[in-house]
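Notes follow once the structure below has been shown.
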Amino acid sequence: MWDTRGLVAREYRRLSDRKGGRSVEDQGEDNRLAADEQEWTLGDPYIDDGRSASRYARRRRDDFDRLVADLNSGPSGIDSAFAAHVLMLWESSRGSRQVGEWVDFIELCEQKQVRIWVTTHERLYDPANGRDRKALIDDAVDSEYESYKTHRRLVRTAPKEAERGRPYGKAPYGLRPVYDPKTGKLLTWEADPAPAGEETLVGRDQAVRELFEILAAGNTPADAQRAFAKRGYLNASGRPFQREQLRAMALRHAYAGLRYYKGTAYQGVWDGLVPEPTFWTVHGMLSASDRATSPGGELLHAVTAVLTCGRCGKLMAPRYETGRPDAYRCSACGLKIQMEGVDELLIGTREEPGVLLAYLARPDIYEQLRAPSSADPVVRQVQADLARARAERDELKEATGETLAEVRLLASSLTKKEAQVLELEARERELLLPAVVLQMVQPGRDVWDSWAAAPLRSRRMAARLILGPGYLGRPCVMPSTHGGRHQPPAAERIEWRHAVESAPAVPEALRPDAG
């Protein structure tokens with residue numbers, strides 16, 4: 001039996017789930033008592049709180065990596081940055097739940113002459129001893145198998161829990177978890193009224209609502225960042241919000257009371273912080289494929305959302321070249337059209353408004369832009385198509401192939417069906433949510449003033465809706481009849497395409513192709 005009195009020991013504490021298991025503080029107390037009994041000097045601990053050690057973990061264990069680096073920094077444990085003879089673990093699975101990683105670590109401890117104490121075993125192990133080594137590896141095998149069983153159980157139950165609208169994972173900013181007082185099981189989420197900043201009484205839940213109000217009004221995440229900084233709102237880490245964080249928050253389905261799982265949004269068991277239509281409006285703004293922005297996150301051009309290449313069907317984006325006129329250009333085929341002529345045709349000036357502004361100035365604009373009800377035939381058809389596409393997608397998810405070719409075919413079909421569902425969801429929101437456009441046609445105010453004062457995102461949404469197949473038609477740029485700098489007027493190169501038979505009637509004088 002060894003005389004181990006007077007040794008120096010250091011702990012490694014870890015907890016994967018803060019809601020269960022022995023806390024890192026309790027582990028430390030048990031380890032301290034054991035060190036006192038063994039008459040060891042206890043050094044500073046290594047701690048990974050809220051970090052899994054299984055092969056399914058997604059986050060690195062920073063202090064475990066530091067522990068390994070410290071052991072490798074010298075010829076022995078006591079002569080390295082580790083500076084101890086003994087590594088203390090509350091239980092062996094705290095070290096690792098991966099057999100390969102644990103074996104490598106045991107060999108490292110053997111090489112550095114470091115012994116391993118397991119508090120729950122009340123035993124000191126010597127990695128150089130065959131029996132001790134076998135006992136430690138057997139524990140790792142058992143731990144890895146338990147991790148596998150837990151993972152498989154979660155994989156099987158996750159779809160059912162999602163369909164039931166059950167919350168999962170850490171509650172997002174603005175919401176807080178509610179647990180069963182008897183079992184400790186997560187029941188639901190609720191609004192979190194904790195202060196959003198040190199010098200404000202506004203709760204985190206209200207800060208989230210303000211975020212959606214800012215974005216739904218047509219502002220960008222960069223605008224929201226400036227507003228949050230001015231109001232003193234801080235994120236969960238106590239730091240000012242960045243626009244990337246705010247954008248990610250605004251895409252969280254949980255804020256609308258929805259449980260999102262693998263492409264499907266289910267009704268959650270908790271109350272959302274914002275109405276579902278508001279969430280989908282903001283989601284559509286942030287997810288649009290035409291979000292051309294500056295490096296600072298600012299939107300650039302209103303008509304980027306609608307101008308389409310007539311040759312290949314791609315959206316056209318601004319292109320600036322030294323010594324050449326600014327132009328809109330197709331990134332796929334290179335087709336270009338001068339920007340000045342397009343902006344004059346579509347937007348125009350106060351004295352001579354373009355096609356879009358002339359339409360918004362119509363005396364019957366409110367009737368034209370009235371959102372159709374859910375009983376409208378066009379809306380009902382889109383919703384029926386959406387329900388069928390979702391059902392077909394769900395069937396494809398459950399299907400299995402017997403051969404590699406069948407598996408690939410199913411995967412390809414599922415990808416296409418997912419894209420169809422997203423397209424129909426966007427179409428449904430477009431039909432039911434023209435409210436952003438109505439904000440620009442305020443009674444008693446000049447449309448040009450309303451247009452100029454509106455956030456660029458709102459102008460872009462207005463352009464996407466009005467210059468679309470349901471109203472004036474989508475402007476498609478056709479190839480020029482001749483090359484060179486002297487191009488035909490934009491009106492001669494733009495073809496207006498309609499795809500909806502029930503499009504509102506447009507007076508002859510306002511038709512884009514009139515004359």
Side-chain angles (χ1 to χ4, degrees), residues 288-294 299-362 365 368 437 440 446-448 451-452 454 456-501 503-515:
S289 60
D290 52 30
R291 295 182 65 255
T293 63
S294 70
L299 292 173
L300 296 174
H301 298 277
V303 299
T304 307
V306 296
L307 202 61
T308 306
C309 174
R311 181 185 289 160
C312 62
K314 302 291 185 181
L315 287 175
M316 303 183 73
R319 178 67 177 266
Y320 307 99
E321 297 180 18
T322 304
R324 295 177 179 271
D326 296 338
Y328 292 106
R329 181 179 183 273
C330 175
S331 60
C333 68
L335 183 67
K336 293 191 298 184
I337 186 171
Q338 291 186 9
M339 187 181 296
E340 182 179 0
V342 173
D343 292 348
E344 181 179 346
L345 174 67
L346 301 182
I347 308 299
T349 64
R350 182 191 297 273
E351 294 73 21
E352 297 184 19
V355 172
L356 174 59
L357 271 293
Y359 187 88
L360 292 176
R362 291 178 55 166
I365 188 64
Q368 290 294 334
V437 181
M440 298 184 192
D446 186 88
V447 170
W448 182 265
W451 175 265
L456 187 51
R457 187 185 299 279
S458 294
R459 283 180 265 167
R460 180 173 285 193
M461 290 188 68
R464 184 189 299 119
L465 179 65
I466 303 304
L467 301 177
Y471 291 90
L472 292 178
R474 182 168 293 279
C476 297
V477 179
M478 307 307 294
S480 174
T481 54
H482 58 272
R485 297 176 62 90
H486 302 288
Q487 296 290 313
E492 295 182 13
R493 290 190 58 192
I494 289 182
E495 177 181 294
W496 298 84
R497 297 181 179 176
H498 300 267
V500 179
E501 294 180 359
V506 181
E508 183 66 26
L510 289 179
R511 288 180 59 84
D513 49 1

query = Got a second to check how far R350's CZ is from W451's CH2, nearest 0.5 Å?
reply = 14.5 Å

ask   = Would you say the side chain of L345 lies within less than 4.5 Å of the side chain of R493, judging by non-hydrogen atoms?
value = no

key: Flag side-chain contact, heavy atom, 4.5 Å: V477 against Y328   = no

ask   = Does the side chain of P325 come within less than 4.5 Å of M339's, by heavy atoms?
value = no

ask   = Got a second to check how far D343's CG is from L356's CG, nearest 0.5 Å?
value = 11.0 Å

Residue pair C333 / C309, side-chain heavy-atom distance below 4.5 Å = yes

request  = For residues 307-319, pull every pair meeting salt bridge (Lys or Arg N to Asp or Glu O under 4.0 Å), keeping only residues two or more places apart or in separate chains.
outcome  = R319-E321

task = With rounding to the nearest 0.5 Å, note down the distance linking CD1 in I347 to CH2 in W448.
result = 7.5 Å

request  = Output all residues satisfying side-chain contact (heavy atoms from CB on, under 4.5 Å) with E340, sequence neighbours left out; order by chain, then residue number.
outcome  = none

task = Go through the structure and list residues passing salt bridge (charged side-chain N to carboxylate O under 4.0 Å, His left out) with D326, not counting sequence neighbours.
result = none

note = Note: L467 and W496 closest approach over all heavy atoms is CD2-CZ3, 3.8 Å

query = Looking only at heavy atoms, which two atoms of A332 and C312 are closest? And how far apart?
reply = CB-SG, 3.8 Å

remark   = Taken in chain and number order and not counting sequence neighbours, the residues that satisfy side chain to side chain donor-acceptor pair (under 3.5 Å) with E344 are none

ask   = So do the side chains of V447 and P353 get within less than 4.5 Å of each other, counting heavy atoms only?
value = no

message = Can you tell me how far apart CG (L307) and CE (M316) are? Round to the nearest 0.5 Å.
response = 5.5 Å

key: For the student: nearest non-hydrogen atoms of L315 and V306, plus distance   = CD2-C, 4.2 Å

task = Mind listing the closest non-hydrogen atom pair of M478 and L335 along with its distance?
result = C-CD2, 4.3 Å

remark   = Scanning both residues in full, the closest heavy-atom pair of C476 with R497 reads SG-CD, 3.4 Å

